[in-house]
*Asks:* 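Before we start, here is the structure in question, set down as structure tokens.
Remember, it's a predicted structure, so these values are computed and weren't measured experimentally. Because only heavy atoms are used, hydrogens play no part in the values below, and waters and symmetry mates are left out as well, while side chains stay in. Residue numbers start at 1 and run along the sequence shown.
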Amino acid sequence: MSAKKRALLVIDVQNDFCPGGALAVAHGDEVLAPLNKLIQEFLEKGEPVFKSRDWHLEKTKHFATYGGTWPVHCVQNTKGAEFHPQLIDDMHIRVISKGLGDEDCYSAFDGTDLSLQLRRLGVEEVWVGGLATDYCVKNTVLDGLKEGFQVKALKDAMRAVELQAGDGERAIAEMRQAGAEII
Ligand code: VGL
Ligand code: ZN
């Protein structure tokens, strides 16, 4: 076995980021098919799969009502915070909750034990997709590189919020520049 030990990171594929949700990403549900295919492939090979979820308190400075940027979304234990019902679930998938504090927190590595868990598993390379390209996916990819992991960013399995037109493409360029392989 010479293959690099890898893990799949499925970022924030939650109802609120999908069409009909509180902070819907255009075409957000299109990440489901490619990600489900990969989830299945990783699970079949016994390779680790992580799902992150944006997991906010009702009152946080992350929300526009309290001085932040965003409409209320992904409040803990609400329907909007649940993973999309079509996203594959399996007892072997590990869930990482993030954004529990008052600060904007976009990376699945930020304030979580993701890096520790990956190291314990001997993971060298992470495959990253999900929502949204220009926020949580980008920041997770950049932090993964900083933490010393090789990163493959799954371009077809991510979609962008695009507060400004072009943010998605700029995020891809930034990830590539930082050393991620865009596949
Ligand atoms: C996200 C905006 C606000 C994300 C989270 O998951 O990309 N975006 N909170
Ligand atoms: Zn959020």
*Asks:* Step by step, would you call Glu58 with Thr78 a side chain to side chain contact (heavy atoms under 4.5 Å, CB included)?
*Replies:* CA-CA 10 Å; Glu58 238 168 296; Thr78 62; over 6 Å; no

*Asks:* For Ala81, is there any backbone N or O sitting under 3.5 Å from a side-chain donor or acceptor partner on Asn15?
*Replies:*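 Such a contact is absent between Asn15 side chain and Ala81 backbone.
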
*Asks:* Could you measure the distance from the CD1 atom of Ile96 to the CG atom of Asp110? Nearest 0.5 Å is fine.
*Replies:*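 The CD1 atom of Ile96 sits 12.5 Å away from the CG atom of Asp110.
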
*Asks:* Below 3.5 Å, can you tabulate the donor-acceptor pairs from side chains in residues 36-43 to any protein atom, sequence neighbours excluded?
*Replies:*
residue : atom : partner : partner atom : Å
Asn36   : OD1  : Ile88   : N            : 2.8
Asn36   : ND2  : Leu32   : O            : 3.4
Asn36   : ND2  : Gln86   : O            : 2.9
Glu41   : OE2  : Arg6    : NH2          : 3.0

*Asks:* Give a yes or no on whether the backbone of Leu23 and the side-chain of Asp16 come within a donor-acceptor separation of less than 3.5 Å.
*Replies:*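 Judged by distance alone, no pair lies under 3.5 Å.
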
*Asks:* Taking only residues two or more places apart in sequence, or in another chain, which ones meet Tyr135 in a ring pair (Phe, Tyr, Trp, His ring centres under 6.0 Å)?
*Replies:*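 Expected list: Trp70, Tyr106.
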
*Asks:* Please list every donor-acceptor pair under 3.5 Å in which a side-chain atom of residues 118-126 meets a protein atom from a residue at least two apart or in another chain.
*Replies:*
residue : atom : partner : partner atom : Å
Arg119  : NH1  : Glu147  : O            : 3.4
Arg119  : NH2  : Ser115  : OG           : 2.8
Arg119  : NH2  : Glu147  : O            : 3.3
Arg119  : NH2  : Glu147  : OE1          : 2.8
Glu124  : OE1  : Lys5    : N            : 3.0
Glu125  : OE2  : Trp127  : NE1          : 2.8

*Asks:* Under 4.0 Å between a Lys/Arg side-chain N and an Asp/Glu carboxylate O for Lys98 and Asp12?
*Replies:*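 Answer for the salt bridge query: yes.
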
*Asks:* Ser107 and Asp143: side-chain donor and acceptor closer than 3.5 Å?
*Replies:*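 Checked: Ser107/Asp143 side chains pair up, N/O donor to acceptor below 3.5 Å.
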
*Asks:* Considering only residues two or more places apart or on different chains, which pairs with a residue in residues 143-167 satisfy ring-ring contact (aromatic ring centres under 6.0 Å, His included)?
*Replies:*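 Every candidate ring-ring contact (aromatic ring centres under 6.0 Å, His included) pair involving residues 143-167 fails, so no pair, neighbours aside, qualifies.
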
*Asks:* Just so I know, are the side chains of Lys4 and Gln150 near enough to count as touching, which here means a heavy-atom distance under 4.5 Å?
*Replies:*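 SC-SC contact between Lys4 and Gln150 confirmed.
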
*Asks:* Counting distance only, does the side-chain N/O of Ser97 pair as donor-acceptor with the main-chain N or O of Trp55 below 3.5 Å?
*Replies:*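 No, Ser97 side chain to Trp55 backbone: no donor-acceptor pair under 3.5 Å.
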
*Asks:* Show me the donor-acceptor pairs, under 3.5 Å and distance only, between side chains in residues 158-169 and residues at least two apart or in other chains.
*Replies:*
residue : atom : partner : partner atom : Å
Arg159  : NE   : Glu30   : OE1          : 3.3
Arg159  : NH1  : Asp156  : O            : 3.3
Arg159  : NH2  : Glu30   : OE1          : 2.8
Glu162  : OE1  : Gly166  : N            : 3.3
Glu162  : OE2  : Gly168  : N            : 2.8
Asp167  : OD1  : Arg170  : NH2          : 2.9
Asp167  : OD2  : Gln164  : N            : 3.1

*Asks:* How long is the span from the CZ atom in Phe83 to the CD1 atom in Ile93, to the nearest 0.5 Å?
*Replies:*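 Taking CZ in Phe83 and CD1 in Ile93, the distance rounds to 8.5 Å.
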
*Asks:* Between the side chain of Glu174 and the main-chain N/O of Lys138, is any donor-acceptor distance below 3.5 Å?
*Replies:*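 No, the answer is negative, given that no donor and acceptor are paired below the 3.5 Å cut-off.
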
*Asks:* Less than 4.0 angstrom from a charged side-chain N to a carboxylate O is my criterion; do Asp89 and Lys51 meet it?
*Replies:*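 Salt bridge flag = yes for Lys51 with Asp89.
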
*Asks:* Please work out which of the three classes, parallel, tilted or perpendicular, describes the rings of Phe17 and His73, given edges at 30° and 60°.
*Replies:*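 The rings of His73 and Phe17 sit tilted, inter-plane angle from 30° to 60°.
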
*Asks:* Taking side chain to side chain contact (heavy atoms under 4.5 Å, CB included) as the test, write out the residues that go with Ala178, two or more places apart.
*Replies:*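 If we apply the side chain to side chain contact (heavy atoms under 4.5 Å, CB included) test to Ala178, skipping adjacent residues, the hits are Leu142, Leu145.
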
*Asks:* Going by atom types only, do His56 and Asp54 share a side-chain donor-acceptor pair under 3.5 Å?
*Replies:*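 Indeed, the side chains of His56 and Asp54 share at least one donor-acceptor pair under 3.5 Å.
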
